[in-house]
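Notes follow the structure.
Reminder, nothing fancy here: chain letters follow the sequence lines and each chain counts from 1. All figures in this text were calculated on a predicted structure; none of them were measured in a lab.
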There are 2 protein chains.
Amino acid sequence: MGPTATDTATGTPPRFRTFTEDDRLPEPLPEPTRDEMRLEIVMAALSDPLRLFIVRKLLLEAERIDHPCGWFGLDRPKSSLTHHFRTLRDAGLIRQRQYGLTRGNQLRVEDLEARFPGLLRLIADWRPHA
Amino acid sequence: MGPTATDTATGTPPRFRTFTEDDRLPEPLPEPTRDEMRLEIVMAALSDPLRLFIVRKLLLEAERIDHPCGWFGLDRPKSSLTHHFRTLRDAGLIRQRQYGLTRGNQLRVEDLEARFPGLLRLIADWRPHA
DNA sequence: TCTGTTGTACGATGCAAGTCGTACAAGGAG
DNA sequence: CTCCTTGTACGACTTGCATCGTACAACAGA
């Protein structure tokens with residue numbers, strides 16, 4: 001498994017899984033730094049159920065450092081998905097890396113925990129459709 | 001002072017100030033119950049800087065159980081303010097009570113802490129304009 | 001080289017939200 | 001009763017966002 005454990009819901013601070021970086025990874029696409037992240041923008045990005053689903057899936061089900069669009073199993077046109085992933089990256093929620101033809105999507109777990117502590121917990125607890 | 005203390009930022013769970021209820025208070029205007037609150041809707045309500053300001057001011061500077069519109073010192077037309085306060089109430093963030101001609105606005109601190117633990121902490125830490 | 005895959009770029013469309021003016025309602029103070 | 005205050009209701013305007021079709025680019029594999 002990975003280097004970290006998951007939240008135990010016992011009152012201990014939640015810890016979400018991260019993956020160690022590989023030096024040979026391509027540079028991330030342009031993204032805001034921690035300090036450039038804006039709460040309003042993050043909130044707006046998370047006000048869409050599809051984007052909430054994407055972030056939550058990355059948070060709870062990621063198996064590698066990042067995953068391409070298709071991994072999420074979203075039944076939408078590709079041009080729609082491009083729009084949503086870009087919105088998430090612009091808000092600072094995800095990091096995107098280009099691997100030849102595919103693009104890897106990674107949740108910025110450590111940056112988000114540092115900048116907005118508790119935010120990921122809210123997303124993990126989200127119940128869609130309820 | 002009130003019955004509660006404030007967050008100490010030392011790792012202890014944050015506790016925000018609440019006010020004891022008075023039996024003679026008028027009934028709140030229609031609002032979602034705890035379980036009816038939706039994270040997407042709450043996020044959308046908080047994606048507007050003016051509304052974030054309103055909620056944050058209620059969280060950090062409330063002196064009574066609720067406050068009328070004018071207390072916030074917002075330089076906008078009244079019809080705009082009606083819209084924003086209604087958005088906050090529909091999302092479940094605030095409770096509104098009618099006192100004759102004025103309307104009191106109260107943050108639903110306990111409901112929000114129960115339904116979305118950690119959310120108020122994010123709002124308290126928000127820095128506008130930064 | 002031809003084909004299939006992954007995803008962007010551009011543009012059109014429809015809808016929701018923010019903004020605000022005006023008119024109006026309820027009630028307190030004089 | 002009259003005036004002022006607080007806030008709603010309605011409607012118009014504008015902006016922004018979600019959605020998606022089409023065309024295109026980059027690349028892998030047969």
Side-chain angles (χ1 to χ4, degrees), chain A residues 25-31 38 40-55 57-58 64-91 93-106 128, chain B residues 24-31 38-55 58 64-106 128:
Chain A
L25 289 176
E27 278 301 296
L29 300 185
E31 65 185 20
R38 307 268 343 171
E40 318 88 276
I41 308 294
V42 169
M43 294 288 192
L46 295 176
S47 68
D48 185 287
L50 185 73
R51 290 193 294 255
L52 213 36
F53 175 87
I54 291 170
V55 170
K57 178 141 182 156
L58 280 174
R64 276 174 283 126
I65 188 170
D66 55 15
H67 293 272
C69 258
W71 176 77
F72 297 87
L74 303 168
D75 188 22
R76 304 285 182 97
K78 293 181 295 177
S79 52
S80 297
L81 299 184
T82 298
H83 163 68
H84 288 296
F85 280 96
R86 181 182 174 86
T87 301
L88 289 173
R89 175 164 58 90
D90 286 345
L93 286 159
I94 66 171
R95 171 166 297 149
Q96 293 186 295
R97 285 193 174 88
Q98 195 76 36
Y99 299 100
L101 50 41
T102 70
R103 183 169 286 196
N105 298 283
Q106 169 192 11
Chain B
R24 295 163 305 173
L25 289 176
E27 278 301 296
L29 300 186
E31 65 185 19
R38 307 269 343 178
L39 185 57
E40 317 89 274
I41 308 294
V42 169
M43 293 289 193
L46 295 175
S47 68
D48 185 288
L50 185 72
R51 291 193 293 256
L52 213 35
F53 174 86
I54 291 170
V55 171
L58 280 173
R64 276 173 284 124
I65 189 169
D66 55 15
H67 293 271
C69 258
W71 175 76
F72 297 87
L74 302 168
D75 189 22
R76 302 285 182 97
K78 293 180 295 175
S79 52
S80 296
L81 298 183
T82 298
H83 164 68
H84 288 296
F85 280 96
R86 182 184 173 83
T87 301
L88 289 172
R89 175 163 59 89
D90 286 345
L93 286 160
I94 66 170
R95 170 166 296 150
Q96 293 186 295
R97 285 194 174 87
Q98 196 76 37
Y99 299 100
L101 50 45
T102 70
R103 182 169 286 196
N105 298 283
Q106 169 192 11

**4.5 Å side-chain heavy-atom contact, A:Leu50 and A:Arg76** = yes
**Asked** Is there side-chain contact between A:Leu46 and B:Glu40, with at least one heavy-atom pair below 4.5 Å?
**Response** no
**Prompt:** So, the side chain of B:Thr82 versus the backbone of B:Lys78: is there a donor-acceptor pair under 3.5 Å, distance only?
**Reply:** yes
**Request:** Starting from the 5' end of DNA chain D, give me the residue, A:Gly100 or A:Arg76, whose nearest nucleotide shows up first.
**Result:** A:Arg76
[options]: which one has an atom nearest the side-chain heavy atoms of [X]?
{"X": "A:Lys78", "options": "D:dT19, C:dG7, C:dC20", "value": "C:dG7"}
{"X": "B:Thr87", "options": "C:dC10, D:dT19, C:dG18", "value": "C:dG18"}
{"X": "A:Arg51", "options": "D:dA18, D:dG7, C:dG7", "value": "D:dA18"}
{"X": "B:Asp48", "options": "C:dT19, C:dC10, C:dT22", "value": "C:dT19"}
{"X": "A:Ser80", "options": "D:dG7, D:dC20, C:dT8", "value": "D:dC20"}

**Prompt:** Hey, is the side chain of B:Thr82 pairing donor to acceptor with the base of D:dG7 inside 3.5 Å?
**Reply:** no
Protein-nucleotide distance ([X], atom [atom1]; [N], atom [atom2]), rounded to Å:
{"X": "B:Leu101", "N": "C:dA26", "atom1": "CG", "atom2": "P", "value": "12 Å"}
{"X": "A:Asp66", "N": "C:dT6", "atom1": "CG", "atom2": "P", "value": "15 Å"}
{"X": "B:Leu29", "N": "D:dT8", "atom1": "CG", "atom2": "P", "value": "9 Å"}
{"X": "B:Phe85", "N": "D:dT6", "atom1": "CZ", "atom2": "C1'", "value": "12 Å"}
{"X": "A:Leu81", "N": "D:dC20", "atom1": "CG", "atom2": "P", "value": "10 Å"}
{"X": "A:His84", "N": "C:dT6", "atom1": "NE2", "atom2": "P", "value": "19 Å"}
{"X": "B:Glu40", "N": "C:dA17", "atom1": "CD", "atom2": "P", "value": "13 Å"}
{"X": "A:Arg103", "N": "D:dA25", "atom1": "CZ", "atom2": "C1'", "value": "12 Å"}

**Request:** Remember a base hit wins even if backbone is also touched, and classify B:Thr102 as base, sugar-phosphate or nothing at under 4.0 Å, heavy atoms.
**Result:** sugar-phosphate
**Request:** Give one of base, sugar-phosphate or nothing for A:His83, where a contact means two heavy atoms less than 4.0 Å apart.
**Result:** base
**Request:** Could you check A:Arg97, A:Gln96, A:His67 and say which one makes a side-chain hydrogen bond (donor to acceptor under 3.5 Å, both in side chains) with A:Asn105?
**Result:** A:Gln96
**Prompt:** What's the spacing between A:Arg103 CZ and A:Arg89 CZ if we round to 0.5 Å?
**Reply:** 6.0 Å
